[in-house]
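A short worksheet on the structure shown next.
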Amino acid sequence: MKLIVLGAPGSGKGTQAKFITQKHQIPQISTGDLLRDAVKRETVLGIKAKEFMNTGNLVPDAIVLDLLKERLMKDDSSKGFILDGYPRNIAQANELVKITDIDLVININVDYGLLVQRITGRRTCKECGAIFHIEFNPPLKEGSCDKCSGELFQRSDDTEETVKKRLNTYENQTKPLIDYYSSQNLLHTLTSEGTIEEMRQKVENLLEKTFQ
Ligand code: ADP
Ligand code: AMP
């Protein structure tokens with residue numbers, strides 16, 4: 001099962017990817033997570049990437065491609081994977097073709113207004129990466145992860161100002177991938193106005209239908 005989850009920032013890619021990972025035992029490969037890890041560890045690559053991320057721009061293709069290739073070489077992705085946040089532009093999609101085939105692209109479509117609300121209310125666990133929302137998916141205890149009791153934090157690029165720039169970057173650079181994958185008959189669009197659980201069911205139905 002080689003999947004891509006496509007969608008604007010805040011559309012619920014990470015949330016749904018984690019459900020797929022649990023149910024189908026394939027890893028979620030999030031280039032955003034890989035980059036944030038490099039930033040945290042202050043690697044040469046992380047130091048370069050930080051400025052792009054905090055201003056809502058895409059990190060240069062070559063940097064992200066190196067990270068992705070390295071991650072795909074790990075054994076756990078041999079049976080399949082969910083790419084979350086890659087590709088982000090046509091050039092990246094053209095690079096991806098050289099590395100692997102893809103079975104299905106799940107495009108999550110969400111209203112612009114909802115996206116801002118979702119991103120600014122997102123809280124992430126420092127320890128295990130679980131994703132919460134202060135209103136739509138609050139933790140049982142404020143500031144603490146339900147799964148591992150880790151501390152919840154707000155991503156530095158989840159501020160209203162940066163979010164606008166990120167949504168703009170999505171419109172200009174990532175959205176063209178909808179036509180790109182649609183023309184290859186790989187794209188399936190799901191509208192995400194429902195709850196997280198409703199969305200999980202829609203994704204699961206789609207996977208059952210596609211991989212039965
Ligand atoms: P992405 O990975 O696409 O940026 P996330 O999965 O991190 O998006 O979700 C963004 C925020 O929206 C999170 O705080 C998450 O809890 C919340 N969220 C995700 N899906 C839904 C949904 N269907 N309804 C309401 N909130 C959602
Ligand atoms: P995400 O976690 O997917 O919301 O990504 C956070 C930030 O990481 C983005 O705003 C970009 O700056 C950077 N990023 C993540 N994935 C990519 C990618 N495939 N190409 C370029 N930049 C990326």
Side-chain angles (χ1 to χ4, degrees), residues 4-21 28-40 45-46 48-69 71 82-96 99 106-111 113-125 129-139 145-146 152-159 161-170 172-174 177 190-203:
I4 293 174
V5 267
L6 194 63
S11 56
K13 300 183 297 295
T15 301
Q16 296 305 324
K18 288 186 196 317
F19 288 134
I20 302 174
T21 290
Q28 168 197 13
I29 300 183
S30 155
T31 43
D33 284 349
L34 294 174
L35 286 163
R36 276 185 289 279
D37 181 58
V39 170
K40 199 164 113 190
L45 190 153
K48 274 192 204 151
K50 190 174 177 177
E51 190 191 319
F52 295 96
M53 295 170 80
N54 281 339
T55 49
N57 289 297
L58 293 184
V59 173
D61 292 346
I63 294 184
V64 188
L65 184 63
D66 277 353
L67 273 179
L68 179 76
K69 278 184 177 164
R71 178 63 186 82
I82 312 149
L83 289 184
D84 163 9
Y86 194 96
R88 281 291 231 278
N89 58 29
I90 302 279
Q92 291 184 5
N94 287 332
E95 286 302 323
L96 186 64
I99 311 172
I106 306 173
N107 177 41
I108 307 182
N109 186 21
V110 182
D111 247 31
L114 263 182
L115 290 173
V116 178
Q117 230 183 327
R118 283 192 189 177
I119 302 176
T120 51
R122 169 165 50 199
R123 298 292 183 273
T124 312
C125 176
I131 304 166
F132 296 86
H133 190 282
I134 50 172
E135 197 181 331
F136 306 134
N137 183 25
C145 176
D146 292 356
L152 302 186
F153 76 103
Q154 182 170 26
R155 277 169 45 177
S156 60
D157 60 344
D158 275 354
T159 58
E161 192 193 343
T162 312
V163 167
K164 285 190 182 137
K165 174 65 185 157
R166 285 162 66 200
L167 291 175
N168 201 269
T169 303
Y170 167 78
N172 296 328
Q173 302 195 48
T174 311
L177 289 171
L190 299 175
T191 303
S192 168
E193 258 105 53
T195 62
I196 292 175
E197 175 55 22
E198 281 164 356
M199 214 35 215
R200 188 190 68 75
Q201 280 169 19
K202 280 193 203 177
V203 170

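When a residue number appears, it is its place in the shown sequence, counting from 1. Whatever order the structure lists them in is the order used to number ligands and atoms, beginning at 1.
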For Leu35, take its heavy atoms, then give the atoms of ligand 2 lying under 4.0 Å from any of them. 8 (O), 13 (C), 14 (N), 15 (C), 23 (C)
Which residue holds the protein heavy atom closest to atom 8 (O) of ligand 2, what is that atom called, and what is the gap in Å? Met53 CE, 3.5 Å
Close N or O approach (Met199, ligand 1; < 3.5 Å): no
Relative to ligand 1, is Ser30 under 4.0 angstrom through side chain, backbone, both or neither, heavy atoms considered? neither
Could you walk me through whether Ile134 and Arg123 pass side chain to side chain contact (heavy atoms under 4.5 Å, CB included), step by step? CA-CA 7 Å; Ile134 50 172; Arg123 298 292 183 273; 3.9 Å; yes
Contact region, Lys13 to ligand 2, non-hydrogen atoms below 4.0 Å, reads neither
Does an N or O anywhere in Gly10 fall below 3.5 Å from an N or O of ligand 1? yes
Evaluate Arg123 for polar contact with ligand 1, using N/O atom pairs at a separation under 3.5 Å. no
Please report which non-hydrogen protein atom sits nearest to atom 22 (N) of ligand 2, along with the residue it belongs to and the distance in Å to one decimal place. Val59 N, 3.0 Å
With nothing but distance in play, are any N or O atoms of Lys13 less than 3.5 Å from an N or O of ligand 1? yes
Nearest non-hydrogen contact to atom 9 (C) of ligand 2 from the set Arg122, Gln92, Arg88, Lys50 belongs to Arg88
Polar-atom distance check: Gly12 versus ligand 1, any N or O pair below 3.5 Å? yes
Should we say atom CD of Gln154 is surrounded by more than 12 heavy atoms from elsewhere, each under 6.0 Å from it? yes
Side chain, backbone, both or neither: the part of Ile108 lying under 4.0 Å from ligand 1 by heavy atom: neither
Quick one: look up the protein heavy atom nearest atom 16 (N) of ligand 2 and list residue, atom name and how far away it is. Thr31 OG1, 2.8 Å
Please list, in number order, the atoms of ligand 1 under 4.0 Å from a heavy atom of Phe132. 13 (C), 14 (O), 16 (O)
Considering both backbone and side-chain atoms of Asn137, is one of its nitrogen or oxygen atoms within less than 3.5 Å of a nitrogen or oxygen in ligand 1? no
Gly32 neighbourhood, listing ligand 2 atoms whose heavy-atom distance to it stays under 4.0 Å: 2 (O), 5 (O), 15 (C), 16 (N)
Would you sort out whether Met199 and Ile108 count as a side chain to side chain contact (heavy atoms under 4.5 Å, CB included), showing the intermediate values? CA-CA 9 Å; Met199 214 35 215; Ile108 307 182; 3.7 Å; yes
